[in-house]
Structures are given as C-alpha cells and as structure tokens.
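Accompanying notes for the structure given below.
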Amino acid sequence: MISYSSPLDHLNPLQAKAVRVLDSHLLVEAGPGTGKTRVLTARASWLAREGVLPESILAVTFTNKAAGEMRDRIGLQGTIPGLEVTTFHSWAYRFISSMLPAGDTVTVISEAEQKRIFSEVAKRLGLEARARDFFDRLQYLKQFYPVSIEDEPEEIRLLAKEYSDYLRRHGLYDYDDLILSAAALLAAAGHGKDFPLSYAHILVDEFQDISPAQYSMLRLMSGSTTLVTAIGDQNQAIYGFRGADPMLMEQFRKDFTPCTRISLVHAYRCPQQFLDAAGKVLGSSSPPKLESVSNQAGTIILKRFRDYEKEAAWIAGRIDQICGGTSFESFNQGTATGQVMRSLSDIAVLYRINKLGDAIAERLEKAGIPFQISSKSSTSYMKMLDMLQHLFDILDSRAEKYHISRLPSGLQEDLRNAGPVWRDRFRTLEAATMAEMLAQLFGWDLDPDIKGLTERAVRLYRQGQPLSLAIREEQDHLDFQVEAVSLLSIHASKGLEFPVVFLSGCEQGIIPWKKGDMDEELRLLYVALTRASEQVFITCAARRRLWGRTTATGCSSVLERLGGLVSKEPPVVKKKKKKKARQKKLF
DNA sequence: CCCCAAATGTTTTTT
DNA sequence: ACATTTGGGG
C-alpha cells in the first residue's frame, strides 16, 4: 500500500487548525517566521484533498514572484491541476478580457507610457505646469473603488476624464484601471444566477498589503458561498506609500462574517531576543505575542562609527571574519571567538535607502568579498519591453492605431509595407529566431541578456500574457543559491531570512526615514530585525556623506527602545595585543 | 518661445 | 552627485 503524505504533516496544532477551518471565513495573523506560506499552501492542498474542486480554489498574491513561489510550493505537495495561483492584476486582466464583447481587447500599458499619455493630455488641456501633482493625486484617488472625483478641483476632474477617455478610445488600461474596471464589471454583473464566478475558496497572501480598491474587488469576487482566507501580519505592513492599508485586515473581520481568527504564535525563525527587540520597537500599541521556538541564542550588537566609510570597512571585515576569510584579522578574531563558519549566502546587509548600499558594495569589492546587490530595473530594459509590447500588439491587431504611433517612424513605414509578412512570421517563427529578427529590427545588440529577454517576451505574449504584467528584469531578483553576500533594502528583504543580518545606516533621519510615516518606519525596523535567525549587527555612523552633503545626525534614537537587548560592544576576546597592533599597520 | 543658469529635491516598489 | 525643474533674459 502506498502511503501519501498529508498536507497536515509537520504542522503545529495552530497551523493545522488554520488549514482545516471549513465553516467560515478565515483570518490568519502570521508573524515573522511562523509558517505563513506553509499554512497557505497546505490549506490549498488540503482543501483539494478534501474534495473541493481545484478549479473553484483561487490563491491570490501581489507579485508574480510570490505567485510563482506559491505555485512551486503547492506543486511540492502534489500537483493540483486546475488550482489557480495568480496576482490581483493578472486575475483582473483575464476577467476583463473574458467579459468584453468579442473583438475588444485589453492592452496593459507600462508606468512610463501611463506618464507619457498623462502629460500629453495635460499639455493639450494647458495644465502641464502642475501635471506632476495632478498625476500623483489621480494615482492616489485610483486606489479606491469606486473612484470619487466629485470633490476634486475642476482641473483634476477634467484631466481624469480626458486621460481615461484617451485610454478607453485605444483599448488601453493602466495598472489601477485593471482593478477598477474588474470591480466595476463584477458590480454590474451582481451576484445573480448569471454571476460569472463561483469560487468556493479564495486565499489571499500578505493581506496587509491590500489596497482599498483591491479589497473592494475581492469583496465583489466573493459570491454568497465563497469562503475567503486572509493571511498576513499588520506589523509587517510597509507598503502604505503605494496604497496598501493595513487597517483592512481589521475591516476583513467585519465584512467577511462569520470569520474565524487564528494567530500563529510560534515563531521558528528568530530567537526570542530578536522578537523582543522587534516588538519593543513597535511600542506598546500592538505588542506581537510571539513565542520563539528557535533553539538559537541570538545576539544583537550595536556598533557606532565615526563615518560611513569606517562603518563599511568594519562590515566588510566582519563578514570576512564570519566566513573564515584569509585576512589576519579573521585568523585572530574569528577563531578566537569560536564562531561558526558561515557561508557568504548566509549574510545580508540591509539599509533603508538603496543609496547606502553603494558604499558597502564599494568596500566589499575592495575586500574581494563576492556580493550581489538588488538594483532597480534599468530604463533601457523597460523601454525595450515597451517596444516589444507595441510590436506584438500591432502584429496581433490590438489597438493598432495607438501602438503604431509609438514605434520609430522608420519602423512604421516597414510595417506598412511588410505587415502581412511580419504577421505571418510572428505566429510561426521559433522564439529564438524571432528574437534575432527583433533585435535586428530595433537595432539592439543581441547580447545574452537581451536575447533571453526577447525570447521570454515572445513566449509569454504567445501564452496570452501581457508583458507589462508578466515580465520583469531578471536582475532585480537576487539568487540566493549563489555564494555571495546579499545587499538589499529593508523593503526588498521582506519575506526573506538570513542567519546573519547587518542593519546599516541606522541613523537619525534615515531609520526611521524623516519624511516617512512614523508607524510604518517602525514596522520597517521590525521587519529588518526579524529577518535574522542567529545574529544581528546594527551599525550607524556619526557622519555620513549622502547626495554630496555631509550630515552629522548620529545614531537613531529608536535604538534606545532596545535597551538591554543590545550589546554595545562585541564580545571580543583580547589577546596577543602587540601582534595584532603590528599587523594592523600593514594595511 | 527657447535656452541656459540657478534652484530644488531627492525613500521604499509592484502591477 | 545628479537629474529634473523653474525662472529670467534674450
């Protein structure tokens, strides 16, 4: 007899309880390292195992990366055909496409195009002077469904209408439109017997990141028999600046009744020390009641430096030491403190703003320590994607008028002459061959990166995936298999775990960021401290050169909240003083 | 209206 | 440091 593993295997009682709630909506509060994704994937598998039709289960995330990871993890529990894992935006895209009259298409525009069209419209209306402000305002208003612009100034109302008319005329949708239009279509369809959806279960990950418009869409997606599972952690809500509202996690319990609430309290990643420190940062308003089940005894070490270069140098030295590097210092100190040798991939250096990563990267480079740094996608890549999307849409006869106008004029001519031939080739050619032709057409150097990007774009488009929703530059995702230290922003570190974390630039005005929302900034520090499973180093510099200006603000005052949980000095075992001093002179 | 110098801000990130 | 925006003068 073959014995199958159960989705409930290896779950603690609270996790297992959360997996098995079947008679109500479900809100799972899952702090750092409590097994959030594990519960979500186990629940999806368990529901399918219990006889819920996989086609009627929908798992929703906010990013393609998260969706991909969840798909993989559900796959590990045994493939469940028909179970859909998607993002809010991709779901909306497909739903709108399915609801439109035959012949109408949905073309998703990139942010760059969105801005370009907006300023074009603003110019036409003679409002270009304040176009930037108006754009931001409209972007904000579109985080809510339904969008209410009645109380806005005349200019905004006019601009909003003209912009939206322009898009509709050409069959274009910006990212917010996808959510708003899907919600509008759902609302119009109502929940009558012709209602197009019937999900038995909708599971939403990272619920603290949901925007009001997405929340409205979720409510409209839920029929009378749909049960919704929301998993998240309000203390890790760090995306308020892009429309996320963590209060919607509270709201969920009121709107989705009856609702079972389960808090996962066993934290597997962090030593209690780290959880206590992170909790103290948040203040008394919402003390997370987490209990560490890690057998590590964590230490938090705070180091102050005269300037940011000393800070970077110390971090580089310490990494070298932790990894058993070959410098004198690592022989003297590393072995003396009896530290476990760590691999470079066990280490992350975090900072509040990407700019701070430069100095660290420079120093690591100098020290010959391999590292990878998370960088934002280059505009040239994004422009290439836009070009490809335009061309594909033209060859596919979607919103041609608009897309042709966006191509270089020489190309427009070529297309008019050789359109049918191109159309034919586009449908039949191998992706690799297609990539070569496209590169030649646009005059790109066909280096491996561009070749890969183009091929992937061709394949994705043929699968019916809009490039603006499906593709991102590969480079912006770090590869944690590779033997290198990871340098990333605190935001980029959310959801990740490292044995050793350096939190750098912990200075007044930087952490918490002076212009940020204080509560969110504190949650950011909470996120940073809870990335580590064994060792945290917090560093700050008395003087820092930033954007050509030198500031001397000193250590962040929130660190005082950590009190006795922090060791001011590392427990250095001092011996062979003379020898060490002499060796230092060599550098 | 256009051009150049001066002033002004600089997070965080996904779709 | 550096890109972007503003404002004044031609």
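- Across all strands, A:Asp209 comes closer than 4.0 Å to no nucleic acid atom at all (heavy-atom distances).
- Regarding contacts with the backbone of B:dT12, a side-chain N or O of A:Asn354 is found under 4.0 angstrom from either OP1 or OP2.
- As rounded to whole Å, 15 Å separates atom P of B:dT10 from atom CZ of A:Phe241.
- At least 2.5 Å separates the SG atom of A:Cys506 from that of A:Cys555.
- Within 4.0 Å of A:Asn64, counting heavy atoms only, lie sugar-phosphate atoms of the nucleic acid but no base atom.
- For A:Gln143 and B:dT15, the CD to P distance is 14 Å, given to the nearest whole Å.
- When distances run from any side-chain atom of A:Thr87 to the nucleotides B:dT13, B:dT11, B:dT15, the shortest one goes to B:dT15.
- Each of A:Arg549 and A:Gln139 was assigned the nucleotide of DNA chain B with the nearest heavy atom; the assignment lying further toward the 5' end belongs to A:Arg549.
- Taken from CG in A:Leu302 to CG in A:Leu562, the straight-line distance is 8.5 Å, to the nearest 0.5 Å.
- Nearest to the side chain of A:Arg132, among B:dT15, C:dT4, B:dT11, sits C:dT4.
- Shown for residues 508-528 of chain A: residues whose heavy atoms fall under 4.0 angstrom of DNA chain B, namely A:Trp513, A:Lys515.
- Side chain of A:Ser493 to main chain of A:Leu496: no donor-acceptor pair is present (N/O by atom type, distance under 3.5 Å, no hydrogens or angles).
- For the residue pair A:Gln214 / A:Ser211, a side-chain donor-acceptor distance below 3.5 Å is found, with atom types taken as modelled.
- By the 5.5 Å and 30° criteria, A:Trp547 is stacked with the base of B:dT10.
- Residue A:Lys115 contributes atom NZ, which lies 13 Å from atom C1' of B:dT14 at whole-angstrom precision.
- Within a 6.0 Å radius of CZ in A:Arg543, other residues, nucleotides and ligands contribute 12 heavy atoms or fewer.
- Rounded to whole Å, atom P of B:dT13 lies 18 Å from atom CG of A:Asp136.
- When distances are taken from the side chain of A:Arg352 to each of B:dT15, B:dT13, B:dT11, the shortest belongs to B:dT11.
- Atom C1' of nucleotide B:dT13 and atom CD of A:Gln208 are separated by 14 Å, given to the nearest angstrom.
- Rounded to an integer number of Å, the gap from CG of A:Leu172 to C1' of B:dT15 is 16 Å.
- You'll find that the side chain of A:Arg242 is closest to B:dT14, out of B:dT15, B:dT12, B:dT14.
- Using modelled atom types, no side-chain atom of A:Ser556 and backbone atom of A:Leu559 make a donor-acceptor pair closer than 3.5 Å.
- Residue contacts shown for A:Phe88 are absent, as no nucleic acid heavy atom lies under 4.0 Å away.
- B:dT12 atom P lies 10 Å from atom NZ of A:Lys355, rounded to whole Å.
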Check residues 82-90 of chain A and write down every donor-acceptor pair under 3.5 Å in which the side-chain atom is one partner and the other belongs to a residue at least two apart or another chain.
residue, atom, partner, partner atom, Å
A:Thr87, OG1, A:Ser90, N, 3.0
A:Thr87, OG1, A:Ser90, OG, 3.0

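- We find that OH of A:Tyr175 is positioned 8 Å from P of B:dT15, with the value rounded to whole Å.
- Note on A:Phe62: only backbone sugar-phosphate atoms sit closer than 4.0 angstrom, heavy atoms only; bases stay farther off.
- Donor-acceptor pairing under 3.5 Å is recorded for the side chains of A:Gln139 and A:Gln114.
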